[in-house]
Participant: 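I'd like to ask some things about the structure below.
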Amino acid sequence: MRAPASQSLLRVEHLGVGLRQRQRRQKRQHTIRAVEDVSLTVNAGEIVGIVGESGCGKSLTALSVMGLLPAAMELVGGSIVFENERLDQLRERNLNAIRGNRLTMIFQEPMSSLNPLMRIGRQLAEPLVLHGVSTAGAIRERVLEAMGKVGLRDPETLLRAYPHQLSGGMLQRVMIAAAIVCRPRLIIADEPTTALDVTTQAQILRLLRQINQTDQTSILFISHDLGVINQICDQVLVMYAGRIVERGTVGNVLWHPVHEYTKGLIKSIPTRRSKGAPLPSIRGRVPALAEEKAGCAFAPRCPAAHSQCFLEVPDELALSDFHQVNCFLADVESEMEYVRI
Amino acid sequence: MLFIVKRLLLSFVTLALVSLLTFAAFAILPGDPARVMLGQDASADQVAALRTQLGLDRPLPLRYLSWLGGFFGGDAGTSIKYDLPVNDMLADYIPVTLALAVLSLVLVVLIALPTALLAARFSGSWIDRLVSALATVGISTPGFFLGVLFVWLFGLTLRFFIAGRYVAWESDPTGFFAYLFWPALAIAIPCAGMAAKYLRDSITQQLESDYIRTAYSRGSSRGRALRVHALKNALVPALTMMGMIVADIFAGSIVIESVFSVPGIGRLLVSSITSRDFPMTQTLVMYIAVVVIVANTLVDVAIKALDSRVRLS
């Protein structure tokens with residue numbers, strides 16, 4: 001179902017996000033890095049997932065693309081190119097012409113992400129109003145169209161409702177409707193199903209997949225849930241402690257993981273077979289932002305780490321065109337084996 | 001409907017408590033109105049005669065009950081000091097104070113709203129710090145000091161108004177408001193400082209919420225997100241404060257009216273307490289309580305109108 005090989009829609013290169021610090025004659029390298037050297041590409045029509053534990057920098061990566069980093073954070077290098085425009089260098093006014101229009105975002109908490117005192121209708125119309133659709137008739141038509149796409153029934157009642165009158169699942173549909181109302185090229189979905197119950201979660205995922213397929217809208221999908229990533233994504237990036245540790249197509253990364261961290265994540269998914277047995281988990285914890293990280297950040301938790309892992313940061317190793325890993329333990333041969341089979 | 005009934009009942013309880021407290025204060029307060037009226041040279045017999053004439057020889061609880069019955073029956077008794085029906089006198093005095101209070105309230109909003117918006121829009125900048133500093137100075141400056149300062153600076157030195165020459169509404173409506181502007185400003189500044197600080201904090205807090213981030217993600221500018229999204233949400237808690245500010249304004253007018261010789265109920269209250277004029281003081285306190293209760297009810301209704309999640313109960 002992949003779109004034919006095309007120019008990349010979003011290209012992030014060597015992105016770094018750091019904690020903003022008061023300049024008290026501090027050297028630049030002392031800036032605490034939350035995201036380091038993250039590169040990713042989203043092609044037209046593609047769903048790319050970013051997966052990792054909380055605090056690994058996946059949301060910050062998403063927010064930097066949108067230019068919505070929290071006040072305490074700042075970009076410390078790299079480039080973000082969306083449709084041939086350097087988003088990281090745009091003035092806020094020009095960025096605002098893109099945000100909500102060709103590039104939109106869905107957030108984790110639909111309940112708090114909508115203005116509690118504004119009717120749903122006005123909130124759905126907002127992106128259109130901000131991006132040049134001015135006649136009431138056209139706005140109404142587009143809003144109803146978007147509501148139909150996300151399966152919101154009884155639009156008349158809904159348009160007049162306030163957010164507190166709707167369920168979480170419906171609110172997330174409203175958020176998605178607002179995100180597609182301007183027919184964007186790319187939607188960034190930051191854990192869009194985490195706050196929802198399992199049934200609703202499945203519906204929302206199906207909906208996103210559907211939007212992706214019918215409108216060829218690309219999605220950058222952030223999740224901590226490998227199962228969800230497996231269901232919806234074409235490509236996946238595994239992040240750990242602010243860096244990408246493994247990337248590739250979902251089939252390669254999730255079914256033939258190479259990095260010990262990815263393996264650990266997959267092992268800790270509960271399955272029917274593991275019922276009753278204690279759930280395996282990765283020992284240790286994610287290092288805090290301020291901790292000094294020499295070598296591979298995962299080394300202290302890695303069951304197979306050797307001395308080199310504690311001294312140097314591994315470079316990316318291309319196992320194939322569809323699978324890359326940042327690990328000293330991986331070698332090209334291991335990948336070739338299963339590719340041949 | 002149930003809300004209105006409940007509110008009315010609650011208001012009556014509040015009023016009863018207020019009257020009881022005033023009564024208790026009078027029971028403790030030393031001093032005798034007859035002695036105050038007749039002066040130190042009067043003989044004990046004269047004082048006793050006047051006391052009987054004014055009905056002051058009856059025990060205080062009895063006087064309280066008869067006043068209470070009268071107040072709710074529409075007759076608040078006769079002023080001891082002026083020997084006039086209290087309600088007739090108040091008909092002249094209350095409008096003046098109400099005008100002063102409304103003017104103060106308008107000034108509070110006119111000062112607090114723009115400064116709070118400005119500070120919140122540029123939070124963390126020098127503008128924000130300046131507003132915060134000015135607000136703190138405003139809050140910590142007592143109204144009576146501002147009153148005296150204004151009389152000296154704008155009245156006596158710069159001659160923007162003639163100090164002490166109150167202009168009645170009947171003779172010159174424009175002059176009336178022009179004169180009231182200065183005492184209203186003196187009352188408004190401490191309240192405006194408080195309101196500005198509170199509203200600014202409320203807005204900045206709202207600006208950090210998720211739905212503001214959503215607005216930015218849709219391409220909304222900072223100024224628009226503040227105006228369209230944050231302000232209304234920030235006004236809900238700020239409105240609650242307006243109820244308190246109304247009480248503050250009345251408290252402020254008590255002293256300020258004396259400073260500017262405004263013939264309102266504030267000044268009347270001070271003189272009634274000094275002359276131990278029980279019916280007058282009691283009635284004034286009740287009316288002020290009524291105004292504060294009404295203001296708070298209006299605030300609740302306004303909040304309900306803004307935020308449909310709020311249930312009035």
Side-chain angles (χ1 to χ4, degrees), chain A residues 59 62-63 65-72 91-119 122-132 160-165 171 174-175 178-179 181-182 184 187-190 195, chain B residues 117 119-129 199-240 242 299-313:
Chain A
S59 283
L63 290 172
V65 173
M66 289 298 290
L68 290 177
L69 282 176
R91 287 161 156 273
E92 198 159 274
R93 277 187 63 185
N94 300 331
L95 187 59
N96 280 339
I98 297 174
R99 288 198 287 214
N101 192 11
R102 286 179 285 153
L103 171 66
T104 63
M105 184 154 182
I106 305 164
F107 298 93
Q108 181 172 345
E109 296 280 350
M111 293 83 169
S112 59
S113 295
L114 287 161
N115 183 345
L117 300 187
M118 195 183 268
R119 290 180 201 277
R122 243 189 108 195
Q123 304 203 47
L124 279 174
E126 188 176 32
L128 295 167
V129 174
L130 286 166
H131 297 290
R160 261 176 283 117
Y162 285 98
H164 71 274
Q165 295 167 309
L171 289 176
V174 170
M175 285 297 290
V181 76
C182 284
I187 301 174
I188 297 179
D190 185 7
Chain B
L117 281 171
R121 175 66 184 81
F122 302 101
S123 73
S125 71
W126 65 270
I127 296 178
D128 188 18
R129 282 196 292 274
L199 188 60
R200 178 246 170 233
D201 288 347
S202 186
I203 297 173
T204 36
Q205 205 187 338
Q206 291 296 330
L207 281 176
E208 273 158 30
S209 55
D210 286 353
Y211 65 83
I212 294 296
R213 193 180 56 182
T214 307
Y216 292 150
S217 85
R218 289 176 182 165
S220 172
S221 67
R222 275 163 207 283
R224 186 182 173 279
L226 195 162
R227 284 194 317 275
V228 178
H229 291 283
L231 185 58
K232 198 174 166 191
N233 280 283
L235 276 180
V236 173
L239 264 176
T240 313
M242 282 315 255
V299 161
D300 283 356
V301 172
I303 288 174
K304 164 80 186 158
L306 272 180
D307 188 347
S308 65
R309 287 170 299 178
V310 174
R311 295 251 171 98
L312 294 173
S313 60

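First the proteins, then the strands, lettered A, B, ... as listed; each starts at 1.
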Participant: Could you tell me whether the side chains of A/Glu126 and B/His229 share a donor-acceptor contact shorter than 3.5 Å?
Facilitator: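 Indeed, the side chains of A/Glu126 and B/His229 share at least one donor-acceptor pair under 3.5 Å.
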Participant: Could you walk me through whether A/Ser113 and B/Tyr211 pass side chain to side chain contact (heavy atoms under 4.5 Å, CB included), step by step?
Facilitator: CA-CA 4 Å; A/Ser113 295; B/Tyr211 65 83; 5.8 Å; no
Participant: Report which part of B/Ser209 has an atom under 4.5 Å of a heavy atom belonging to chain A: side chain, backbone, both, or neither.
Facilitator: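 No part of B/Ser209 comes within 4.5 Å of chain A.
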Participant: Taking C-beta and beyond as the side chain, do A/Pro116 and B/Asn233 meet within less than 4.5 Å on heavy atoms?
Facilitator: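 A/Pro116 vs B/Asn233: side chains touch.
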Participant: Side chain to side chain contact (heavy atoms under 4.5 Å, CB included) between A/Met66 and B/Ser217: does it pass, once the steps are laid out?
Facilitator: CA-CA 7 Å; A/Met66 289 298 290; B/Ser217 85; 3.8 Å; yes
Participant: Do the non-hydrogen side-chain atoms of A/Phe107 and B/Thr214 ever get within less than 4.5 Å of each other?
Facilitator: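 Heavy-atom side-chain distance check passes, below 4.5 Å.
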Participant: Could you tell me which portion of B/Leu306 (side chain, backbone, both or neither) has an atom closer than 4.5 angstrom to a non-hydrogen atom of chain A?
Facilitator: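 For B/Leu306, backbone heavy atoms alone lie under 4.5 Å from chain A.
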Participant: Quick one: does B/Val236's side chain get under 4.5 Å of A/Leu117's, heavy atoms only?
Facilitator: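 Side-chain contact under 4.5 Å: yes.
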Participant: When rounded to the nearest 0.5 angstrom, what distance separates CG in A/Asp190 from CZ in B/Arg213?
Facilitator: 7.0 Å
Participant: Taking all non-hydrogen atoms of both residues, which atom of B/Asp210 and which atom of A/Ser112 are closest, and how far apart?
Facilitator: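 Heavy-atom minimum between the residues: OD2-OG, 2.6 Å.
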Participant: Go through A/Arg122, A/His131, A/Glu109, A/Gln108 and name the one with the most non-hydrogen pairs under 4.5 angstrom from chain B.
Facilitator: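 Between A/Arg122, A/His131, A/Glu109, A/Gln108, the count favours A/His131.
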Participant: Select, from A/Gln165, A/Arg99, A/Met105, A/Met118, the one with the greatest count of heavy-atom pairs under 4.5 Å involving chain B.
Facilitator: A/Arg99
Participant: Determine yes or no for a side-chain-to-main-chain donor-acceptor pair under 3.5 angstrom, with B/Arg218 supplying the side chain and A/Leu124 the backbone.
Facilitator: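 No; judged by distance alone, with no hydrogens or angles, the pair does not exist.
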Participant: With a 4.5 angstrom heavy-atom cut-off, is it the side chain or the backbone of A/Leu130 that approaches chain B, or both, or neither?
Facilitator: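 Side chain of A/Leu130 only, per the 4.5 Å heavy-atom cut-off to chain B.
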